Asks: 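Have a look at this one before I ask anything.
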Amino acid sequence: MQKSTTLPPAPKKTRGESTLAVHAGEDRQKLGDSITDPIICAATFTFESTQAVVDFIEQKQPREEYGRYGNPGEKVIERKLAELENGEQALLYSSGMAAIVGLFMSKLNAGDEVVFFDECYHRSREFCKKHLSRFGVTTRQVKTGDYAAMEAAVNDHTKLLVSESPTNPHLSIVDLDRFAEIGRRTGVETLIDATLATPFNVRPLDHGVDYVLHSATKYLAGHNDVLAGALIGDNEKLEPVRALRGVMGAVNSPHNIYLLERGLKTFGIRMQRQNENGQAVAEFLDGHSRIERVYYPGLESHPYHQVAKETMRGFGGLVTFLVKDADWRETGKIVDSVKIPRIAPSLGGVESLIEQPLVMSYYECTPEERRQFGIPDNMIRMSCGIEDKEDLIEDLQQALDA
Ligand SMILES: *Cc1c(COP(=O)(O)O)cnc(C)c1O
């Protein structure tokens, strides 16, 4: 048995992101008078009597039942994330991909269609193309930022409009008001994967988007030590998604949950620093003679700078750039020459990471596919951590001069 666990609506956001990240969702006085939440390693939760079970089933007594349906620590994070995003409810998953799959599997039926802006996380695209198709769901991709094409792709079968903002790795910014408006006008629900933005920089629900998705593995947890994902939205819309999560079982271990809560404590100051580092590194690269192009929404040269400036508080730590006149091996040499960032996929953690998308994520694609996805051979993606920006810049300088 899995009881519906509708949570009370989160209070309207009144405090700053840092205060919320530290305090929101937590009981003031915790178990054992501890300042931190306990790690509750319980696969199951006990009932005092048969009557207690009946009371729970009849929803007279909210409480935990079995680990796959919820854990007290998970509830704390869910309340925290709901408040940070100004949403009614958050649902925590074992990874960002589990959250995407969880939403799609809950909302889509055979015969339904999904419309995507085409710049998107490679695995989201893969899930739609390879797997949703097996269940009779059609995916249509339109060019990122082409709102007319998105609207034109909507038909009677369309159930979901999906985009990232900023996109990965091109950092294109979606005009969330316009995107949400297409959904409202056509009666189709909208999802924004705001992993790269975080609620520090933008809150899509405030723009009328139905669901926000995060790979909490990235900025929210922030320390490259835990995988997690989250969906935030209205209680009513997320209720069936929560029920399916309980069946799919894509939940976090209590230890993971603790790492996520611990990581979130410093969310505000990390974002502030990563926004600063991203901007500084992007400006440095933009002025370097060996760089052909820099993709960063905080640069005036970025095609989406205007909409970014109007809707975002900062532009994050991810910077993508092209090396002038370099083939893929030459580009790889620059990646190999930096001394601070480590070569790795992922982003948003305290450690700076660097990678060449062609090698890291698109090596097995054909050149034609890479052209289609906008992944040139000379592209480098750097995720700025919280190191000193002067050191990151000096390091890039020596790598480019080498
Ligand atoms: C990393 C990432 C995901 C997937 O998240 P995992 O936690 O790795 O499953 C989804 N979307 C974006 C934009 C990401 O960067």
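These numbers come from the heavy atoms of this one structure, side chains and all, not from hydrogens, waters or symmetry mates. Just so you know, these numbers come straight off a predicted model, no measurement behind them. One-based numbering, in listed order, for ligands and for the atoms of each.
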Asks: Only heavy atoms of N168, strictly under 4.0 Å: list the atoms of ligand 1 that pass.
Replies: 15 (O)
Asks: Hey, does the side chain of H302 reach the backbone of Y304 with a donor-acceptor pair shorter than 3.5 angstrom?
Replies: yes
Asks: If you have a sec, work out which protein heavy atom is nearest atom 4 (C) of ligand 1 and how many Å separate them, to one decimal?
Replies: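 Nearest protein contact, heavy atoms only, for atom 4 (C) of ligand 1 is Y121 CE2, 3.5 Å.
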Asks: Output the list of atoms in ligand 1 that are nearer than 4.0 Å to some heavy atom of A228, sorted by atom number.
Replies: 7 (O)
Asks: Indicate, with yes or no, if the rings of F117 and Y147 have centres closer together than 6.0 Å.
Replies: yes
Asks: Should the pair K218 and Y121 be classed as cation-pi, given the thresholds of under 6.0 Å to the six-membered ring centre and 45° from the axis?
Replies: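 That pair qualifies as a cation-pi contact.
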Asks: Flag yes if more than 12 heavy atoms outside E48 fall under 6.0 Å of its CD atom; otherwise flag no.
Replies: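 Result for CD/E48: open.
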Asks: Report, in ascending order of atom number, the atoms of ligand 1 lying under 4.0 Å from any heavy atom of G96.
Replies: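 By the 4.0 Å cutoff, the relevant atoms are 5 (O), 6 (P), 7 (O), 9 (O).
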Asks: Look at atom 9 (O) of ligand 1 and say which protein heavy atom is nearest, naming residue and atom and giving the distance to 0.1 Å.
Replies: M97 N, 2.8 Å
Asks: Hey, is ligand 1 close enough to I100 that some N/O pair sits below 3.5 Å?
Replies: no
Asks: Can you tell me which portion of R123 lies within the under-4.0 Å heavy-atom range of ligand 1? Options are side chain, backbone, both, or neither.
Replies: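 Near ligand 1, R123 shows nothing, with every heavy atom at 4.0 Å or more.
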Asks: Quick one: does E164 get an N or O within less than 3.5 Å of an N or O on ligand 1?
Replies: no
Asks: Quick test of your reading of the model: are R178 and D175 salt-bridged, counting only N-O distances below 4.0 Å?
Replies: no
Asks: Contact between ligand 1 and S124 is defined here as a heavy atom of the residue under 4.0 Å from a ligand atom; is it met?
Replies: no
Asks: Of all the atoms in ligand 1, which lie at a distance below 4.0 Å from a heavy atom belonging to S95?
Replies: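 The list of qualifying atoms is 7 (O), 9 (O).
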Asks: Strictly below 4.0 Å, N to O, side chains only: are K324 and E330 in salt-bridge contact?
Replies: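 Not counted as a salt bridge, because no side-chain N and carboxylate O are separated by less than 4.0 Å.
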Asks: What about the rings of Y362 and H122, do their centers lie closer together than 6.0 Å?
Replies: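 Yes.
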Asks: Please write down residue, atom name and distance for the protein heavy atom closest to atom 13 (C) of ligand 1.
Replies: D193 OD2, 3.4 Å
Asks: Polar-atom distance check: L196 versus ligand 1, any N or O pair below 3.5 Å?
Replies: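 So ligand 1 has no N or O lying under 3.5 Å from an N or O of L196.
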Asks: For atom 15 (O) of ligand 1, what is the closest protein heavy atom, and at what distance to 0.1 Å?
Replies: K218 NZ, 2.8 Å
Asks: So for atom CD, which belongs to E394, do other residues, nucleotides or ligands contribute more than 12 heavy atoms lying within a distance under 6.0 Å?
Replies: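 Incorrect, the count does not exceed 12.
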Asks: Would you call E17-R313 a salt bridge at under 4.0 Å N-O?
Replies: yes
